[in-house]
Amino acid sequence: MLNWNDYRYLLAVEATGSLAAAARRLNVSQPTVGRRLSVLSQELGVKLITLSPDGATLSESGRRVCEQARVLEQQAALIELNARVDEVGKATRIRLAVSEGFAHVVLFELLSDFHLSHPRTHIDLISGTRMSDLRHSEADIAIRVGDPTDDQLHGRAVGQIEFGLYAHQSYLGRCGQVLSVEDLQSHSIIESTGEISNLPQAKQLRDLAPKATVAFSSNSSLNQIDAMLNGFGILPLPSYRAAGLSGTQRILEESFKMRADIWLLFRATARERTEMRAVIDFFWRELPKRLKR
């Protein structure tokens, strides 16, 4: 009898493109991923993936299996969600994924308001930026910056945020003002790594300052902000985040201008639960007001 967990390994390889990355996502060893995929391939009687130095590529059969496995994944997620409310009315746990900076500055006031009106709904806040956390049942709802790339997710844009380049006055006093893009090439920047490396503001800074020195890098926006405040260099930030940082100065306002949509996203099955609809409808209603402020 086929094991549902084996399909999870195949879906993880499809999403990440390699056995090693799939292993990291599932928190198992790479040999485990390879072994379980071999078992699944033998059980189904088809070749599922092709391995190469560049990673893992799904065969046509592998892609067809993934299409059906995603249906199973959605059903499994729905079973898990339904199990969170028992017959005696215990609190519902709903997992909300959001970037750590957005949560700190924008979200907590809204979460407090929601808790007052829905005391039996427990919000489990998950920090992160990966779009895939919804499809792989790591979260129920996500708030994300930028247009979603997964057409299997539902949702809509709830507002916009503006980004700019910022540096601390201690850094500018030591290294000089940045008056042009040409000046920027001889300055130090703070780089984004890991799951935040593909954020649009990080990409735009790389494009704008290809010759700049990377003085500090991190996969945490909070660590990046601490580095900027301690004079390491220049960092792209959403304007709402920079507004509360003492001693911070915006630079090259005309050269570095970008705006991005904020999306509220969820799986197709999410609104089948009353408690989930309550969370989604609350943020659809209240988050645009908060972003305008």
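One-based numbering along the sequence shown. As the structure is a prediction and not an experimental result, all values here were calculated from the model.
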Quick one: do the S61 and R64 side chains pair a donor with an acceptor below 3.5 Å?
-> yes

Can you check whether E286 reaches F283 side chain to side chain, under 4.5 Å on heavy atoms?
-> no

Pairwise distance CZ(F114) to CG(L96) - rounded to 0.5 angstrom | 10.0 Å

Verify, without hydrogens or angle tests, whether S112 (side chain) and E109 (backbone) share a donor-acceptor contact under 3.5 angstrom.
-> no

Between L19 and G34, which heavy-atom pair has the shortest distance, and what is it?
-> CD1-CA, 4.2 Å

Applying side chain to side chain contact (heavy atoms under 4.5 Å, CB included), run through V106 and I262 and close with a yes or a no.
-> CA-CA 12 Å; V106 177; I262 295 289; over 6 Å; no

Pairing residues for F163 by the ring-ring contact (aromatic ring centres under 6.0 Å, His included) criterion, not counting sequence neighbours = none

Donor-acceptor contact below 3.5 Å, side chain D140 vs main chain R95 = yes

Which pairs pass side chain to side chain donor-acceptor pair (under 3.5 Å) with one or both residues in residues 199-215, sequence neighbours excluded?
-> E191-R206

Step-by-step side chain to side chain contact (heavy atoms under 4.5 Å, CB included) determination, I234 to L252 | CA-CA 11 Å; I234 297 160; L252 298 182; over 6 Å; no

Partner residues of Q177 under the side-chain hydrogen bond (donor to acceptor under 3.5 Å, both in side chains) criterion, sequence neighbours left out | Q249

Going by an N to O cut-off under 4.0 Å, is there a salt bridge joining D6 and R36?
-> yes

Kindly compute the distance separating CD1 (I123) from CZ (F282), expressed to the nearest 0.5 Å.
-> 9.5 Å

How many angstroms lie between atom OG of S255 and atom CG of L208, to the nearest 0.5 angstrom?
-> 6.5 Å

What's the spacing between H118 NE2 and I94 CD1 if we round to 0.5 Å?
-> 9.5 Å

Counting distance only, does the side-chain N/O of R174 pair as donor-acceptor with the main-chain N or O of G231 below 3.5 Å?
-> yes

Mark yes or no for whether R93, through its side chain, and D124, through its backbone, hold a donor-acceptor pair below 3.5 Å.
-> no

Taking only residues two or more places apart in sequence or in another chain, which ones pass side-chain hydrogen bond (donor to acceptor under 3.5 Å, both in side chains) with R241?
-> none

Flag the pair Q224 / S221 as yes when at least one side-chain heavy-atom distance between them is below 4.5 Å, and no otherwise.
-> yes

Quick one: list whatever passes ring-ring contact (aromatic ring centres under 6.0 Å, His included) with F102, sequence neighbours left out.
-> Y240

Hey, does the side chain of R63 reach the backbone of L58 with a donor-acceptor pair shorter than 3.5 angstrom?
-> yes

Who else is in F232's hydrophobic cluster (ILVMFWY, side-chain heavy atoms under 4.5 Å, direct or via others)?
-> Y166, I190, F216, I225, M228, L229, L235, L237, L245

